[in-house]
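Basis for what follows: all heavy atoms, side chains included, without hydrogens, waters or symmetry-related copies. Since we're looking at a predicted model, the values are computed, not measured.
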Amino acid sequence: MGTKNRVVCLVGMTDEIYSKFNASDFSTDTYFLQWRMAPDEDSERFWKTFMETYPGKKEAVLSAIRIINSVRINDERLSQDEMMTEWTRLHHFIKRSVARKKRLIYTLSIASSLALLLSISWLFFSEKADQKQLASTGQPGSKEIRLTLPNQRSVTFDENAAIVFDQEGNITVNSAKEKELFAQKALQGDLPLNKLTVPPGKISSLTLADGSTIWINSGSTLEFPSVFEDHRREINVNGEIYIDVTHQENSPFLVHTDGFSVSVLGTEFNVSAYREDAVQRVTLVKGSVEVSMPSGAQLKLQPDEMFSLSDTGFHAEKVDVYDYISWKDGIFRLTGEPLENILVKLSRHYDVPIACEDDAKSLLVTGKLALFDDLTMVLDNIGVIIPVTYQMENNKIVISKK
């Protein structure tokens, strides 16, 4: 019996069942993992045929591949025997994870001399989030994702949410049409703004009426209209987003933050503009953007360039863009990143206060931290990379140098 038939019989999967999978499902499927870690002729043929048969699933497959490929340590490659051994361990780990009803992908452990232990959790946008009933606007400190409409009514979500606005302003949330939500145009031609609040510990995605797609990171707020006026597309951001802007030749797209505005026609870029952060950034993946500041100063970016703004001024530099956009794939890829900066991101992501003693703040971390639902495991992994330890003090985690 060929590998494909043997494994498919083992896990009970067919190409029809796979046609209902999202990226998270692929990433936790044993046959998919085996294909990526130890491909053979049968598995290569199966997945090639699957993507040809279901072209609409190609992006989900490629997203899952990007996640799995990102879990490398110093670009080390394993032998076939080592990969199969690791796959067997991953298979057992996934089964234990499912039993605990955790949304995990896997933990990959290699010799400690490689100085990095990786754990990965696919924290992308759950397609099974339970939608709550329409409610009044929430109280400060809410732990739910909240979409507030122009009439001040709102809907909340416990889990990571995928929200879509169509060209008429109708709203789809996690593929379940919500009939009570609809676009409303104010008088005198002004478009009122919706407000999407993503608290610490959550992530959301949003498709705007023009087809542009936005990933919204933890602790962020986004304001946007249900539909755009002709020749005018504008949104407001406090926090971090990754956006893929639909090209419209005569309708520039503007992203406004407290410190600057970004103007584009169609492109992909990341904006990190938390009000409390000392440095705010725009990182360009493809296309071109122009960053404008209140002073009137402007700066154009090319792909693989990053704009940074701080109290000391602004500048642009060449970067590896994935270091700054990997969060949307559930990964922090680090290249000489100060520990202090990493802990700020982890605090937002896990919604846990984290303090760092002065002598540890400037320690540099290089590697890939895939996001795990147990913060203590992530901190343990950091302690393998650099000489730090942690403890709980007064309801917050304190990091100190060993």
| request: If the plane angle is over 60° it's perpendicular, under 30° parallel, otherwise tilted; pick one for Phe50 and Trp47. | output: perpendicular

| task | If the plane angle is over 60° it's perpendicular, under 30° parallel, otherwise tilted; pick one for Phe26 and Tyr18. | result | parallel

Check: [X] side chain, [Y] main-chain N or O, donor-acceptor pair, under 3.5 Å:
X: Ser220; Y: Ile216; answer: no
X: Glu305; Y: Gln302; answer: yes
X: Ser251; Y: Gln248; answer: no
X: Ser261; Y: Ser292; answer: no
X: Arg233; Y: Leu265; answer: yes
X: Asp277; Y: Val279; answer: no

Go through the side-chain N and O atoms of [X] and [Y] and say whether any donor and acceptor fall under 3.5 Å apart.
X: Thr197; Y: Arg146; value: no
X: His247; Y: Glu249; value: yes
X: Ser226; Y: Asn194; value: yes
X: Asn217; Y: Tyr242; value: no

Salt-bridge criterion met for [X] and [Y] (N-O under 4.0 Å):
X: Glu44; Y: Lys48; answer: no
X: Lys368; Y: Asp323; answer: no
X: Glu59; Y: Lys57; answer: no
X: Glu276; Y: Arg348; answer: yes
X: Asp351; Y: Lys202; answer: no

| query | For Asn395, does the CG atom sit with more than 12 other heavy atoms under 6.0 Å from it, leaving out its own atoms? | reply | no

| message | So for atom CD, which belongs to Glu41, do other residues, nucleotides or ligands contribute more than 12 heavy atoms lying within a distance under 6.0 Å? | response | no

| Listed by chain and number, what are the ring-ring contact (aromatic ring centres under 6.0 Å, His included) partners of Phe332, not counting sequence neighbours? | none

| query | Residues two or more places apart in sequence or in another chain: which of them pass salt bridge (charged side-chain N to carboxylate O under 4.0 Å, His left out) with Asp358? | reply | Lys361

| request: Among residues two or more places apart or on two chains, list those pairs meeting salt bridge (Lys or Arg N to Asp or Glu O under 4.0 Å) that have a residue in residues 393-402. | output: none

| query | Does anything in residues 251-263 pair up under salt bridge (Lys or Arg N to Asp or Glu O under 4.0 Å), and if so which pairs, sequence neighbours excluded? | reply | Asp258-Arg275

| note | side chain to side chain contact (heavy atoms under 4.5 Å, CB included) with Phe165: of Leu208, Leu206, Thr207, only one passes, and it is Leu206

| Please walk me through it: do Asp244 and Trp215 pass side chain to side chain donor-acceptor pair (under 3.5 Å)? | CA-CA 9 Å; Asp244 182 353; Trp215 290 261; over 6 Å; no

| task | Would you please name every residue forming a side chain to side chain contact (heavy atoms under 4.5 Å, CB included) with Gln167, sequence neighbours left out? | result | none

| query | What residues, two or more places apart in sequence or in another chain, satisfy side chain to side chain contact (heavy atoms under 4.5 Å, CB included) together with Asn341? | reply | Glu337, Pro338

